[in-house]
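The structure under discussion appears below in the form of structure tokens.
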Amino acid sequence: MTRVFVSIPVGNASGLEPLYRDLSGKRGVRTSPKFQLHITLCFIGEIPEERVEEVGEIVSASVKGIKPGRITLKGVGCFPNPKRPRILYVGLETGIPLESLASEIRRRLSTNGIPFDEKPFKPHITVGRIQGPADLSVLIGKYRTTEFATFIAHDVMVMGSELSPEGAKHTILKSCELR
């Protein structure tokens, strides 16, 4: 079995330094490694190894006709809500049709009988996970409208994810070029 998700890698996280510095002093907040930041289009989860190639073909077909585009990392928020934050995220602004792309990938997975996490798609990058009570309202207020970085997205990736006590290790299983 292989744990799989579909994502767009963040090509420029340098502007997130001030946010990461502010998070470093927060108790109960574990930041995401900057080199692994990504926009999850679809989390699939555990699938048989022999279906990974099929997922790659589905993603390749789904990205046809979608051009590379600019993505701006902007603003901060949290899931499920500011009173009980579990995930701290940075929002996105882009002309790439992320919602329709995520929807098309999910439609094709469903047609092919590949189960996936059906939580509604909300374009974001996870920058931290929160354990226990935390008040992040000042931090969220400080960065609510901040533009952190911009990059050009060129690929959608099918990723493998191995969990360990040190955190997840991600591996590129297939890269699907936007063009």
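All values below come from the heavy atoms of this structure, side chains included, with hydrogens, waters and symmetry mates left out.
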*With V127 as reference, evaluate V10, V76, L19, T31 under the side-chain contact (heavy atoms from CB on, under 4.5 Å) test and give the passing residue.*
L19
*In terms of ring plane angle, is the pair Y89 and F79 parallel, tilted or perpendicular, where the classes change at 30° and 60°?*
parallel
Starting from [Y], can I reach [X] by hopping between I/L/V/M/F/W/Y residues whose side chains sit under 4.5 Å apart?
{"X": "I47", "Y": "F116", "value": "yes"}
{"X": "L139", "Y": "Y20", "value": "yes"}
{"X": "F5", "Y": "L98", "value": "no"}
{"X": "L101", "Y": "M159", "value": "no"}
{"X": "I172", "Y": "F151", "value": "no"}

Side-chain donor or acceptor of [X] paired with backbone N/O of [Y] under 3.5 Å:
{"X": "D155", "Y": "M157", "answer": "no"}
{"X": "N81", "Y": "K83", "answer": "yes"}
{"X": "T94", "Y": "R70", "answer": "yes"}
{"X": "S60", "Y": "C176", "answer": "no"}
{"X": "E104", "Y": "V59", "answer": "no"}
{"X": "N12", "Y": "S14", "answer": "yes"}

_Near-ring test Y143/F148, centroid separation under 6.0 angstrom_ = yes
Side-chain contact, heavy-atom cut-off 4.5 Å: [X] with [Y]?
{"X": "R86", "Y": "P80", "answer": "yes"}
{"X": "L37", "Y": "L16", "answer": "yes"}
{"X": "L88", "Y": "V29", "answer": "no"}
{"X": "K169", "Y": "S164", "answer": "no"}
{"X": "T150", "Y": "L73", "answer": "no"}
{"X": "I39", "Y": "I71", "answer": "yes"}
{"X": "I125", "Y": "T40", "answer": "no"}
{"X": "S110", "Y": "R107", "answer": "no"}

Once you round to the nearest 0.5 Å, how far does [atom1] of [X] lie from [atom2] of [Y]?
{"X": "I130", "Y": "L136", "atom1": "CD1", "atom2": "CG", "value": "5.0 Å"}
{"X": "S62", "Y": "L109", "atom1": "OG", "atom2": "CG", "value": "7.5 Å"}
{"X": "S161", "Y": "I44", "atom1": "OG", "atom2": "CD1", "value": "12.0 Å"}
{"X": "R129", "Y": "C78", "atom1": "CZ", "atom2": "SG", "value": "13.5 Å"}
{"X": "T2", "Y": "E49", "atom1": "OG1", "atom2": "CD", "value": "3.5 Å"}
{"X": "F35", "Y": "H170", "atom1": "CZ", "atom2": "NE2", "value": "9.0 Å"}

*Inspect the contact between E46 and R3 and indicate whether a charged nitrogen and a carboxylate oxygen are less than 4.0 angstrom apart.*
no
*Between E57 and K174, does at least one N-O distance fall below 4.0 Å, as a salt bridge requires?*
no
_Chi angles and distances behind the side-chain contact (heavy atoms from CB on, under 4.5 Å) call for K142, D22_ = CA-CA 10 Å; K142 178 177 179 179; D22 285 352; 2.8 Å; yes
Determine the minimum heavy-atom distance between [X] and [Y], stating which atoms define it.
{"X": "G15", "Y": "P18", "answer": "O-CD, 3.4 Å"}
{"X": "G113", "Y": "R51", "answer": "O-NH1, 3.4 Å"}
{"X": "P68", "Y": "H154", "answer": "CB-ND1, 3.9 Å"}
{"X": "A153", "Y": "L178", "answer": "O-CD1, 3.7 Å"}

*asked:* Between R106 and F121, is the side-chain contact (heavy atoms from CB on, under 4.5 Å) condition met? List the steps.
replied: CA-CA 10 Å; R106 291 165 181 232; F121 174 69; 4.0 Å; yes
*Would you find more than 12 non-hydrogen atoms of other residues, nucleotides or ligands less than 6.0 Å from R84 atom CZ?*
no
*Counting only heavy atoms not in E53, do more than 12 sit closer than 6.0 Å to its CD atom?*
no
